[in-house]
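To start, the structure under review is shown below, and the notes come after it.
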Amino acid sequence: MKISVIGTGYVGLVTGTCLAETGNEVICVDIDESKVEKMRNGIVPIYEPHLDVLFERNIKANRLKFTTSLDEGLAHGDIIFLALPTPEDEDGSADLSYVLNVSEEIGKKIKEYKVIVDKSTVPVGTAEKVHKVIAKNASCEFDVVSNPEFLREGFAVDDFLKPERIVVGSSSERATALMKKLYNPFVRSGNPIIVMDEKSAELTKYAANSFLATKITFMNEIANYCEKVGADVDMVRAGMGTDSRIGKRFLFPGIGYGGSCFPKDVKALQKAGKDENYDFKILSSVIEINSSQKTILLPKIENYFKNDLKGKTIAIWGLAFKPETDDIREAPSIDMMDALLDKGAKLKVFDPEAIPNIEKRFGDKLNYCESMYAALDNADALLICTEWSIFRTPDYGRLKQLLKNPVVFDGRNLYNVNDMETEGFTYVSVGRKTVNL
Ligand SMILES: NC(=O)c1ccc[n+]([C@@H]2O[C@H](COP(=O)([O-])OP(=O)(O)OC[C@H]3O[C@@H](n4cnc5c(N)ncnc54)[C@H](O)[C@@H]3O)[C@@H](O)[C@H]2O)c1
Ligand SMILES: O=c1ccn([C@@H]2O[C@H](COP(=O)(O)OP(=O)(O)O[C@H]3O[C@H](CO)[C@@H](O)[C@H](O)[C@H]3O)[C@@H](O)[C@H]2O)c(=O)[nH]1
């Protein structure tokens with residue numbers, strides 16, 4: 001099939017590449033000329049595990065192409081995917097300007113039947129708006145489908161190739177048949193393509209993200225309470241998660257959720273509720289709790305240094321909003337670094353992939369280090385913000401040798417509390433016993 005993808009970010013590039021992988025001819029369109037130039041030269045512009053192999057082989061096979069020309073993209077695809085940003089607007093709602101502006105162009109430019117597929121995360125009613133905007137100028141038939149994307153950064157290729165489900169919001173039999181033909185190769189193991197109306201599809205995405213953000217936030221509250229009463233959140237998590245009605249996943253407490261999706265999507269659903277005079281009380285709490293959770297370790301760090309962080313050097317491991325990505329959008333590390341800098345601390349930071357993006361945000365305010373151990377040299381304490389695998393089994397001897405004080409503030413509960421106690425570290429984590437303080 002001939003496919004065009006408009007917007008070549010984390011979602012668009014993965015979508016385009018994976019659809020080329022099943023034999024489709026794909027053109028990806030992006031307005032960012034430098035990005036398109038890189039991709040034309042065979043460079044993947046983001047860090048996403050396993051994407052490079054598929055990317056390279058589909059470019060070689062001539063199934064995956066890149067352009068800055070919307071005209072070229074629209075002429076090519078029978079199915080046109082919109083994978084455009086829907087960032088948070090000032091009032092918390094989703095900014096639909098990218099989606100609607102491109103839709104307006106689509107209306108002016110298409111000359112034969114096309115299926116326009118919205119893959120961006122958008123509020124209920126957007127498919128209808130997109131349809132109207134295109135219809136204003138369109139001289140041919142077209143259908144608009146809502147097809148929310150559920151991939152996770154860091155696992156995006158696997159999530160796309162082996163989805164647990166595919167949601168298709170469509171009221172056109174013709175468009176639904178094309179979507180099924182396109183996606184059947186991805187659900188051969190029997191996972192469903194769930195067809196529903198457009199509005200329900202749009203809400204499914206916000207509901208799923210808001211539920212997951214709520215699940216994490218609930219565990220963060222349990223963790224905070226564990227500290228008050230001397231319970232261990234790891235034990236509570238194990239005890240709860242084995243109940244299949246609750247499930248083991250997304251129960252990991254820490255310094256809050258971040259990323260390009262949960263924070264903005266929870267706020268967008270809350271705002272969409274408000275617009276209908278519906279008060280999503282649970283979402284308001286989730287937003288509030290997550291905001292304070294991001295800096296939950298700050299008072300503990302201040303307390304350790306007797307409320308004087310001026311001139312103290314803190315080493316930070318992990319800056320991306322989660323492991324296996326270079327994405328720093330809404331990363332808890334940013335809140336922690338802003339707060340620590342504000343208190344006069346100096347920061348030596350390390351992340352396997354996110355330093356170029358962090359450097360754009362913080363410039364020369366941070367000391368960027370080449371390795372996790374380089375960050376520790378002469379630092380007064382270590383703070384862990386992201387659970388990259390390489391941090392999981394550190395050389396404790398080296399840690400003690402390099403740090404001025406053997407103290408670790410762990411925002412992701414990476415280490416066994418008893419091991420840290422035996423090794424002689426002062427160890428502060430989330431929802432568990434603090435040792436050697
Ligand atoms: N990142 C994720 O993990 C994820 C997962 C599921 C859904 N989503 C949703 O998918 C959408 C895209 O997210 P993303 O993370 O891929 O965004 P992104 O910011 O990584 O990428 C968006 C791309 O669109 C391009 N663009 C902007 N305006 C354009 C235009 N007029 N024409 C062509 N290209 C244009 C940008 O240059 C950029 O490359 C959002 O609605 C997001 O909420 C994201
Ligand atoms: O038990 C957990 C799981 C996650 N997180 C945090 O939650 C955030 C989001 O993590 P994750 O969901 O793994 O990453 P995303 O790539 O943001 O993916 C989410 O957002 C995407 C964009 O909408 C959706 O497509 C995915 O299904 C949804 O999981 C990160 O800051 C994690 O550190 C926790 O704190 N505890």
Side-chain angles (χ1 to χ4, degrees), residues 213 216-234 236-237 252-258 263 284-319 321-322 328 330-350 358 361-362 365-367 375-376 379-387 391 399 403-417 420-421 424-437:
I216 295 166
T217 304
F218 179 81
M219 259 343 257
N220 283 336
E221 287 234 277
I222 293 293
N224 298 343
Y225 180 66
C226 278
E227 287 182 22
K228 302 260 177 223
V229 295
D232 182 327
V233 74
D234 272 352
V236 179
R237 181 172 57 78
F252 289 87
I255 52 171
Y257 64 76
S284 305
S285 298
V286 167
I287 293 164
E288 193 186 326
I289 296 159
N290 195 60
S291 165
S292 53
Q293 194 72 18
K294 283 180 166 185
T295 50
I296 197 112
L297 289 179
L298 186 66
K300 298 181 182 185
I301 298 174
E302 284 188 282
N303 194 29
Y304 178 83
F305 289 107
K306 307 204 165 36
N307 285 326
D308 187 10
L309 279 167
K310 270 204 190 75
K312 293 284 183 301
T313 300
I314 312 292
I316 301 185
W317 284 358
L319 307 170
F321 84 90
K322 62 182 262 188
I328 61 158
E330 304 275 341
S333 69
I334 295 178
D335 297 68
M336 278 307 289
M337 290 193 290
D338 277 340
L340 288 166
L341 287 172
D342 203 42
K343 304 267 172 209
K346 293 179 189 157
L347 306 179
K348 291 183 80 182
V349 303
F350 171 73
I358 283 288
R361 164 75 163 71
F362 284 90
K365 286 186 188 155
L366 309 176
N367 179 348
L376 302 181
D380 292 282
L382 167 63
L383 165 66
I384 299 171
C385 290
T386 317
E387 65 277 30
F391 305 150
L399 241 79
L403 283 170
K404 279 199 226 158
N405 316 295
V407 54
V408 178
F409 295 94
D410 181 356
R412 297 293 168 190
N413 288 4
L414 291 190
Y415 310 127
N416 180 291
V417 176
M420 293 302 272
E421 187 166 28
F425 284 95
T426 296
Y427 182 57
V428 181
S429 52
V430 181
R432 305 184 302 173
K433 185 172 75 170
T434 289
V435 294
N436 297 328
L437 188 62

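We use all heavy atoms of the structure for the numbers below, so side chains are in, but hydrogens, waters and symmetry mates are not.
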**OP:** May I ask you to test the Ile316-Cys385 pair for a side-chain heavy-atom distance under 4.5 Å?
**Re:** yes
Original post:
Is the closest side-chain heavy-atom distance between Ile296 and Ile255 below 4.5 Å?
Top reply: yes
Solution key, residues 217-227 side-chain donor-acceptor pairs under 3.5 Å, sequence neighbours excluded:
{"unit_1": "Thr217", "atom_1": "OG1", "unit_2": "Ala213", "atom_2": "O", "d": "2.6"}
{"unit_1": "Asn220", "atom_1": "OD1", "unit_2": "Gly254", "atom_2": "N", "d": "2.9"}
{"unit_1": "Asn224", "atom_1": "OD1", "unit_2": "Gln293", "atom_2": "NE2", "d": "3.3"}
{"unit_1": "Asn224", "atom_1": "ND2", "unit_2": "Asn220", "atom_2": "O", "d": "3.3"}
{"unit_1": "Asn224", "atom_1": "ND2", "unit_2": "Gln293", "atom_2": "OE1", "d": "2.9"}
{"unit_1": "Glu227", "atom_1": "OE1", "unit_2": "Lys300", "atom_2": "NZ", "d": "2.4"}
{"unit_1": "Glu227", "atom_1": "OE2", "unit_2": "Lys300", "atom_2": "NZ", "d": "3.2"}
{"unit_1": "Glu227", "atom_1": "OE2", "unit_2": "Gly431", "atom_2": "N", "d": "2.6"}

Original post:
Which residues pass the ring-ring contact (aromatic ring centres under 6.0 Å, His included) test with Tyr427, sequence neighbours left out?
Top reply: none
Original post:
Do Phe252 and Ile216 have side-chain heavy atoms sitting under 4.5 Å apart?
Top reply: no
Original post:
From Ile301 CD1 over to Phe409 CZ, what is the distance, rounded to the nearest 0.5 angstrom?
Top reply: 5.0 Å
Original post:
Between Asn367 (side chain) and Leu347 (backbone), is there a donor-acceptor pair under 3.5 Å?
Top reply: no
Original post:
Is the backbone N or O of Lys346 less than 3.5 Å from a side-chain atom of Thr313, with the two atoms forming a donor-acceptor pair by type?
Top reply: no
Subject >> Verdict with reasoning, Tyr304 to Asn405, per side chain to side chain contact (heavy atoms under 4.5 Å, CB included) >> reply: CA-CA 11 Å; Tyr304 178 83; Asn405 316 295; 3.5 Å; yes
Subject >> Distance, nearest 0.5 Å, that separates OH of Tyr257 from CG of Asn290 >> reply: 4.0 Å
Subject >> Basic-acidic side-chain contact under 4.0 Å: Arg432, Asp232 >> reply: no
Subject >> Donor-acceptor under 3.5 Å (Thr386 side chain, Gly318 main chain) >> reply: yes
**OP:** Assess whether side chain to side chain contact (heavy atoms under 4.5 Å, CB included) is satisfied between Val408 and Thr426, documenting all intermediate values.
**Re:** CA-CA 6 Å; Val408 178; Thr426 296; over 6 Å; no
**OP:** Could you check Lys294 against Glu330 for salt bridge (Lys or Arg N to Asp or Glu O under 4.0 Å), going step by step and ending with a plain yes or no?
**Re:** CA-CA 10 Å; Lys294 283 180 166 185; Glu330 304 275 341; 3.7 Å; yes
Original post:
Any side-chain heavy atom of Asn413 within less than 4.5 Å of one from Pro253?
Top reply: yes
**OP:** Under the ring-ring contact (aromatic ring centres under 6.0 Å, His included) rule, collect the residues that match up with Phe350, sequence neighbours excluded.
**Re:** none
Original post:
Hey, are the side chains of Leu366 and Ile358 touching, using non-hydrogen atoms and a 4.5 Å cut-off?
Top reply: yes
**OP:** Over all heavy atoms of both residues, which pair between Lys312 and Asp308 is shortest? Give the atoms and the distance, please.
**Re:** CG-O, 3.7 Å
**OP:** Tell me, please, which residues at least two apart from Lys433 pass side chain to side chain contact (heavy atoms under 4.5 Å, CB included).
**Re:** Val417, Asn418, Glu421, Val435
Original post:
Under a 4.5 Å cut-off applied to non-hydrogen side-chain atoms, are Val407 and Phe425 in contact?
Top reply: no
Donor-acceptor pairs are to be reported for all side-chain atoms of residues 334-343 against protein atoms at under 3.5 Å, with residues two or more places apart or in another chain.
{"unit_1": "Asp338", "atom_1": "OD2", "unit_2": "Arg361", "atom_2": "NH2", "d": "2.8"}

Original post:
Does a side-chain heavy-atom distance below 4.5 Å link Ile289 with Ser285?
Top reply: yes
Original post:
Under 4.5 Å between any side-chain heavy atoms of Asp410 and Tyr415, yes or no?
Top reply: yes
Subject >> Residues which pass side chain to side chain contact (heavy atoms under 4.5 Å, CB included) with Ala315, listed by chain and number, not counting sequence neighbours >> reply: Ala375, Leu376, Ala379, Leu382
